[in-house]
Amino acid sequence: MVVVMHPQATEEQKEHVRDTIRALDCKPRDIMGDEITIICVIGNTRALTPEQFEIIPGVDQVQRIQRPFKLVSREVQPHKTCFKVGNVTIGGNEIPIISGPCSVESREQFHEAALAVKASGAQILRGGAFKPRTSPYSFQGMGEEGLKIIAEASKETGLPTISEVMEPAMVPMVSKYIDILQIGARNMQNYPLLKAVGQSHRPAMLKRGLSATIEEMLLAAEYILSGGNHNVILCERGIRTFETWTRNTLDISAVPVLQKFTHLPVFVDPSHGTGYADYVAPVAKAGIAVGADGLMIEMHPTPERALSDGEQSLTPEALYALIPELRLVAQAVNRVIV
Ligand code: PEP
Ligand code: MN
């Protein structure tokens, strides 16, 4: 349920609504528009009636939200979520590109990768330090040492960073070094982790689970927003289907569907979405054409020597060649890649 306040409603009247919500064992959450404030009622609203709020002075209207997700929904917040990470705007007309290797492997490797990301024109630097690997015998990442290397590279290049966090207890530590917290596909429904990221002051990128529906993804994002963290990016990175010639099946139609139902920025990851470097460029272009707000593209200075995801990693040269082509696609759909 949402309580839409009159444009002229006073702060006292808004507080009256919030107090009423608290007295009904729910939590109020403000959504500030340019002119009006919407106060969202979080909790079990089934027993509540619109009349309980309609009689409060300053209330314009009360609406029940039909869908199971609330804070992430366009019904509650019609305008697009837009926020800045360093100098980069997420959710605006510009389309930022995140790039870097799957994993931080050494100071030298990451340094070289970071310089290539900078040279390519991509705006955000990625690198995994805690890796969720299918096999326990595969490279598990450099841990905190890897995060330090990312932070150093960020200082040197001026690029904001993103890296995966796998455990709730690690959120404060990863937040110390990294600008955007990535929740990987395998952890999309790790509810303690979602709650911990909800408490964090860092923006988050939530990747779609391997077999998650769009609604499950939106409800996972709802956990983060309901914890108070509204700066969330959703990332379509492919889902598991019967097809084996690609690593995952990138659900391109998820992008317009998400854009219709949520105000959160939607990114596309053509690297995990396809699994092969050959397919990354065409699918990246498709992502922009279909309305993505950003891309995540894996790039490695020497993909054949990568400790993870080498097959899907672009070389620096391939990334340099791709970004000007992406700019043209962006232009065709009235967006900008700087
Ligand atoms: C990654 O970004 O390297 C990664 C592990 O992605 P996903 O969680 O989408 O598999
Ligand atoms: Mn990867």
Side-chain angles (χ1 to χ4, degrees), residues 96-105 109-110 113 117 122 124-136 138-143 146-147 149-150 161-167 170 174 178-190 193-194 197 203-212 214 216-217 220-221 224 232-241 246-252 254-255 258 266-277 279-280 283-284 287 292 294-315 319:
I97 296 172
I98 303 171
S99 192
C102 181
S103 301
V104 184
E105 299 166 4
Q109 170 257 10
F110 198 73
V117 171
I124 301 172
L125 180 60
R126 68 150 284 149
F130 295 94
K131 296 303 301 176
R133 303 306 299 281
T134 303
S135 162
S138 301
F139 176 58
Q140 301 286 309
M142 290 182 73
L147 298 179
I149 292 173
I150 299 174
T161 56
I162 177 167
S163 195
E164 179 158 353
V165 57
M166 296 206 297
E167 293 174 47
M170 293 225 177
V174 178
I178 302 295
D179 300 302
I180 306 173
L181 304 174
Q182 176 169 319
I183 298 172
R186 291 155 193 80
N187 273 316
M188 191 204 82
Q189 287 178 307
N190 179 340
L193 180 62
L194 297 172
V197 170
M205 185 167 91
L206 178 67
K207 299 190 85 176
R208 184 174 181 179
L210 273 72
S211 58
I214 291 170
E216 285 163 347
M217 187 189 201
I224 307 175
V232 175
I233 302 167
L234 302 175
C235 182
E236 166 57 44
R237 48 76 74 204
I239 47 176
R240 177 77 52 95
T241 68
T246 47
R247 179 178 178 183
N248 292 291
T249 298
L250 192 111
D251 181 7
I252 206 81
V255 179
L258 287 167
V266 180
F267 279 37
V268 161
D269 172 352
S271 306
H272 296 85
T274 63
Y276 297 95
Y279 309 140
V280 168
V283 175
L295 294 177
M296 173 178 261
I297 300 175
E298 285 187 341
M299 182 272 299
H300 193 286
T302 46
E304 66 284 3
R305 290 212 291 269
L307 297 182
S308 61
D309 289 351
E311 261 189 304
Q312 67 193 34
S313 297
L314 297 186
T315 59
L319 184 68

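We count residues from 1, following the sequence as given. Just follow the structure's listing: the first ligand is 1, and inside any ligand the first atom is 1.
- Note that the CD1 atom of Ile124 and the CD1 atom of Ile180 stand 4.0 Å from one another [nearest 0.5 Å].
- For ligand 1, the atoms lying closer than 4.0 Å to a non-hydrogen atom of Cys102 are 3 (O).
- Between Leu307 and Glu105, the shortest heavy-atom contact is N-OE2, 2.8 Å.
- The shortest distance between side-chain heavy atoms of Lys131 and Cys102 falls below 4.5 Å.
- Ile162 contributes atom CD1, which lies 10.0 Å from atom CD1 of Ile150 (distance to the nearest 0.5 angstrom).
- At least one N or O atom of Lys131, backbone or side chain, sits closer than 3.5 Å to an N or O atom of ligand 1.
- Closest to atom 6 (O) of ligand 1 among all protein heavy atoms lies Lys207 NZ, 3.0 Å.
- Ligand 1 has no N or O atom lying under 3.5 Å from any N or O atom of Asp269, backbone or side chain.
- Near Glu298, the atoms of ligand 1 lying under 4.0 angstrom from a non-hydrogen atom of the residue are 1 (C), 3 (O).
- Regarding atom 2 (O) of ligand 1, its nearest protein heavy-atom neighbour is Arg126 NH1, 2.7 Å.
- Taking 4.5 Å as the limit, every side-chain heavy atom of Leu250 sits out of range of all side-chain heavy atoms of Tyr279.
- His272 has its closest N, O or S atom to the Mn ion (ligand 2) at the position named NE2.
- Put simply, the side chain of Met296 does not reach to within 4.5 Å of the side chain of Arg237, judged on heavy atoms.
- At least one N or O atom of Ala185 sits closer than 3.5 Å to an N or O atom of ligand 1.
- Shortest distance from the Mn ion (ligand 2) to Glu298 is reached at OE2 (N/O/S atoms only).
- In this structure, atom 9 (O) of ligand 1 lies nearest to the protein heavy atom Arg237 NE, 2.6 Å.
- Gly127 and Phe110 make their closest contact through CA-CE1, 3.9 Å (heavy atoms, listed as atom of the first residue, atom of the second, distance).
- Among all heavy-atom pairs drawn from Pro270 and Val283, the shortest one is CB-CG1, 3.9 Å.
- Using modelled atom types, one finds a donor on one side chain and an acceptor on the other under 3.5 Å when comparing His272 with Asp309.
- Restricting Asp309 to its N/O/S atoms, the shortest distance to the Mn ion (ligand 2) is reached by OD2.
- Distances between N or O atoms of His272 and those of ligand 1 include at least one value under 3.5 Å.
- Near Gly184, the atoms of ligand 1 lying under 4.0 angstrom from a non-hydrogen atom of the residue are 8 (O).
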